[in-house]
A.B. asks: 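Sharing a structure below in structure tokens format, with a few things to ask.
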2 protein chains.
Amino acid sequence: MAELFFDSVWLRPPSRKRTGQPTLDRDQIVRAAMELLDADGPAGLSMRRLGTRLGAGATSLYWHVANKDDLLELAIDEVLGEIYVPEPGDTGWRIALSVMANGMRSAILRHPWVIGLLGTKPTLGPNAMRMGERSVALLTAAGFTGMEVSHVSAMIHAHALGSATTEAAVATATKRAGRTFAEMADELEPILERLSADNPRYDTWRKENVVIAEPEKMWHDSFVFGLERLLDGLEAWLAAGKPA
Amino acid sequence: MAELFFDSVWLRPPSRKRTGQPTLDRDQIVRAAMELLDADGPAGLSMRRLGTRLGAGATSLYWHVANKDDLLELAIDEVLGEIYVPEPGDTGWRIALSVMANGMRSAILRHPWVIGLLGTKPTLGPNAMRMGERSVALLTAAGFTGMEVSHVSAMIHAHALGSATTEAAVATATKRAGRTFAEMADELEPILERLSADNPRYDTWRKENVVIAEPEKMWHDSFVFGLERLLDGLEAWLAAGKPA
DNA sequence: CGAATCACTCGAACAGCGTACGAGGGAAGC
DNA sequence: GCTTCCCTCGTACGCTGTTCGAGTGATTCG
């Protein structure tokens, strides 16, 4: 194995053998780590906590996983594995992209801790590759060519990730405070009111559009609106024979 | 001050007085923190390191800043402060949104550590508010109404953040490895080759479109392509009188 | 069948982290 | 001159990721 320029679980050979009686194993470690992350966010995962949860010593984990970074990389790919990407024949490309985007958004919202990890190193795991394979198939079948394929793929990723990030920020804040969205909004109201002089146009818009009734629906609406406009733009681009 | 449901620097009164000789001060702490973050990422910022850099004891910082979380919140808003959002009269809405999106992308790429922070709590700082104010002005002037305003704003944010995230992931990985993009690509090549059987369609696409020549340009092209398609979609929506 | 090998577990220890606390200094106001 | 208040900081606590080396028990080999 040649010397590697940068480090990643995926670029190392898998652990060599598999014998003996039931002990710790990589998959179960990753699963447990995800449970901790889902429950308490990044701060909820420590090697010691993970160890005791598995009925093992903290340092035993290091036999199966090189370090915490590797473990997180494995967890990221596991999240990507939850995203379904249709095959080209299944539906039209518009619906297919919509399915992929929705799946991505849901997966990120189920595991919001990935957001902070996606910006730190490229995803190279098997599930990431599978997504790449499917995306290429989907988009070439749709009529995109050359670098357009990766551009469009990046657009969808960006929309899903970006939308989920804003939503996750509010969700984690309310969860941490142990309150509902409506309570948070009520709490925030007087503070925004006090700032209204500095932000007059935002303030009037806000007062005409307060919709704290169904926050989940609001986030979803926002996501869908953006996705549809984005797909409209892509459709127009294809229809116009890629003008620019 | 009433009991607060969730915690944020912006919801607390500012420190009360300002006397005496030149000592530590909040702005300079935040600036120094950003320098550490820019240089070495999230891991580069510790209270002790920040203290010594400012020629002070680590715990002195706690007089000016409640805790590390607060400090990060202040830093986030400082990043948002670097983003220029045009006033409605300045140009057409399409160009204005383009300026905002580009500014946002650049700011995030200058300070990629924000990516991991944006998903953790809502941004409430003065610069965030200023962006909100300007965005609303811009979009209402463009003809968007009601919740469309926030939807469109969210779209732009999502695109800038999402694009920057992917780019930052590769950038930090190459930086950490101390190599160039081209070297990383060469390194990765044989590994991708080995996986080609599992991802045939991705592989053929990849081989027909290898463009490692100017990575910076590639990222920017990708960002611009997506932004233009997205603005096309919005323009069509406005032109069609908001069909759905 | 005994010995050697190998996969695996784990306690102890180290350096570093965020931060609570309380003692202290030194200018400002009475 | 004394009190008050802003501000600094050394110490200490409990936590973190990770290294190291000793230990265990099943498998394999001679």
Side-chain angles (χ1 to χ4, degrees), chain A residues 7-9 12-30 32-33 36-37 39-76 113 116-117 120-121 176, chain B residues 7-9 12-30 32-33 36-37 39-76 113 116-117 120-121 176:
Chain A
D7 211 31
S8 170
V9 219
R12 288 193 291 276
S15 64
R16 285 188 286 110
K17 293 197 188 178
R18 184 66 45 107
T19 37
Q21 77 280 34
T23 61
L24 282 178
D25 117 296
R26 187 180 260 200
D27 284 353
Q28 115 182 244
I29 291 175
V30 174
L36 288 180
L37 288 166
D40 301 323
L45 176 64
S46 84
M47 299 305 269
R48 280 173 241 260
R49 211 146 96 82
L50 181 54
T52 48
R53 183 186 183 90
L54 291 166
T59 58
S60 304
L61 304 169
Y62 285 86
W63 179 260
H64 305 274
V65 160
N67 51 41
K68 195 181 181 181
D69 256 26
D70 266 26
L71 176 55
L72 292 173
E73 220 171 338
L74 291 164
I76 293 174
W113 42 268
L117 301 176
T120 63
K121 61 168 70 183
R176 188 162 37 219
Chain B
D7 210 31
S8 169
V9 220
R12 289 192 289 276
S15 64
R16 283 190 285 110
K17 294 199 184 175
R18 181 67 43 111
T19 38
Q21 76 279 33
T23 62
L24 281 178
D25 115 295
R26 186 180 262 202
D27 285 353
Q28 115 183 241
I29 291 174
V30 174
L36 288 179
L37 288 166
D40 301 322
L45 175 64
S46 83
M47 299 304 268
R48 280 173 240 259
R49 210 146 96 82
L50 181 55
T52 49
R53 183 187 184 92
L54 291 166
T59 59
S60 304
L61 304 170
Y62 285 86
W63 179 260
H64 306 274
V65 159
N67 49 42
K68 195 181 181 183
D69 255 27
D70 266 26
L71 176 55
L72 292 172
E73 220 171 338
L74 292 163
I76 293 174
W113 42 268
L117 300 175
T120 63
K121 59 168 71 181
R176 187 162 38 217

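In what follows, every chain begins at residue 1, and chains take the letters A, B, ... in the order their sequences are listed.
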A.B. asks: What does the list of N/O pairs under 3.5 Å between the protein and nucleotides 16-18 of chain D look like, with a distance for each?
C.D. replies:
{"residue": "D:dT16", "atom": "OP1", "partner": "A:Ser46", "partner atom": "OG", "Å": "3.0"}
{"residue": "D:dG17", "atom": "OP1", "partner": "A:Lys68", "partner atom": "NZ", "Å": "2.7"}
{"residue": "D:dG17", "atom": "OP2", "partner": "A:Met47", "partner atom": "N", "Å": "2.9"}
{"residue": "D:dG17", "atom": "N7", "partner": "A:Arg48", "partner atom": "NH2", "Å": "2.5"}
{"residue": "D:dG17", "atom": "O6", "partner": "A:Arg48", "partner atom": "NH2", "Å": "2.7"}
{"residue": "D:dT18", "atom": "OP2", "partner": "A:Tyr62", "partner atom": "OH", "Å": "3.0"}
{"residue": "D:dT18", "atom": "OP2", "partner": "A:Lys68", "partner atom": "N", "Å": "2.8"}

A.B. asks: Strictly below 4.0 Å: does A:His64 bring a side-chain N or O up to OP1 or OP2 of C:dT9?
C.D. replies: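 For A:His64, the contact criterion (side-chain N or O under 4.0 Å from OP1 or OP2 of C:dT9) is met.
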
A.B. asks: Under 4.0 Å between a side-chain N/O of A:Trp63 and OP1 or OP2 of C:dC8, yes or no?
C.D. replies: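 True: A:Trp63 side-chain N/O within range (under 4.0 Å) of C:dC8 OP1/OP2.
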
A.B. asks: Can you measure A:Leu54 atom CG to C:dC8 atom P for me and round it to whole angstrom units?
C.D. replies: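 In whole Å, C:dC8 P and A:Leu54 CG are 15 Å from each other.
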
A.B. asks: Check whether any side-chain nitrogen or oxygen of B:Ser60 sits under 4.0 Å from OP1 or OP2 of D:dC7, and answer yes or no.
C.D. replies: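 False: B:Ser60 side-chain N/O out of range (4.0 Å or more) of D:dC7 OP1/OP2.
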
A.B. asks: Let me check something: any side-chain donor-acceptor pairs from residues 54-62 of chain A under 3.5 Å, sequence neighbours excluded? List them with distances.
C.D. replies:
{"residue": "A:Ser60", "atom": "OG", "partner": "A:Gly57", "partner atom": "O", "Å": "3.4"}

A.B. asks: Indicate yes or no: at least one non-hydrogen side-chain atom of A:Asp69 is less than 4.5 angstrom from one of A:Lys121.
C.D. replies: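 Yes; the side chains approach each other to less than 4.5 Å.
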
A.B. asks: Could you check how far CG of B:Leu61 sits from C1' of D:dG10, rounded to whole Å?
C.D. replies: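 After rounding, the gap between these two atoms is 14 Å.
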
A.B. asks: Hey, are the side chains of B:Leu72 and B:Leu37 touching, using non-hydrogen atoms and a 4.5 Å cut-off?
C.D. replies: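 They are in side-chain contact.
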
A.B. asks: Compile the donor-acceptor pairs under 3.5 Å between side chains in residues 46-53 of chain A and protein atoms, sequence neighbours left out, one pair per line.
C.D. replies:
{"residue": "A:Ser46", "atom": "OG", "partner": "A:Arg49", "partner atom": "N", "Å": "3.1"}
{"residue": "A:Arg49", "atom": "NE", "partner": "A:Gly44", "partner atom": "O", "Å": "3.0"}
{"residue": "A:Arg49", "atom": "NH2", "partner": "A:Asp40", "partner atom": "OD2", "Å": "2.6"}
{"residue": "A:Arg49", "atom": "NH2", "partner": "A:Gly44", "partner atom": "O", "Å": "3.2"}
{"residue": "A:Thr52", "atom": "OG1", "partner": "A:Arg48", "partner atom": "O", "Å": "3.1"}
{"residue": "A:Thr52", "atom": "OG1", "partner": "A:Arg49", "partner atom": "O", "Å": "2.9"}
{"residue": "A:Arg53", "atom": "NE", "partner": "A:Glu35", "partner atom": "OE1", "Å": "3.4"}
{"residue": "A:Arg53", "atom": "NH2", "partner": "A:Glu35", "partner atom": "OE1", "Å": "2.7"}

A.B. asks: Quick check: closest heavy atoms across A:Lys68 and A:Leu45, and the distance to 0.1 Å?
C.D. replies: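 Here A:Lys68 and A:Leu45 meet closest at NZ-O, 2.8 Å.
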
A.B. asks: Compare every heavy atom of A:Thr120 with every heavy atom of A:Leu117, then report the nearest pair and how far apart it is.
C.D. replies: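 Heavy atoms only, the tightest pair is O-OG1, 2.7 Å.
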
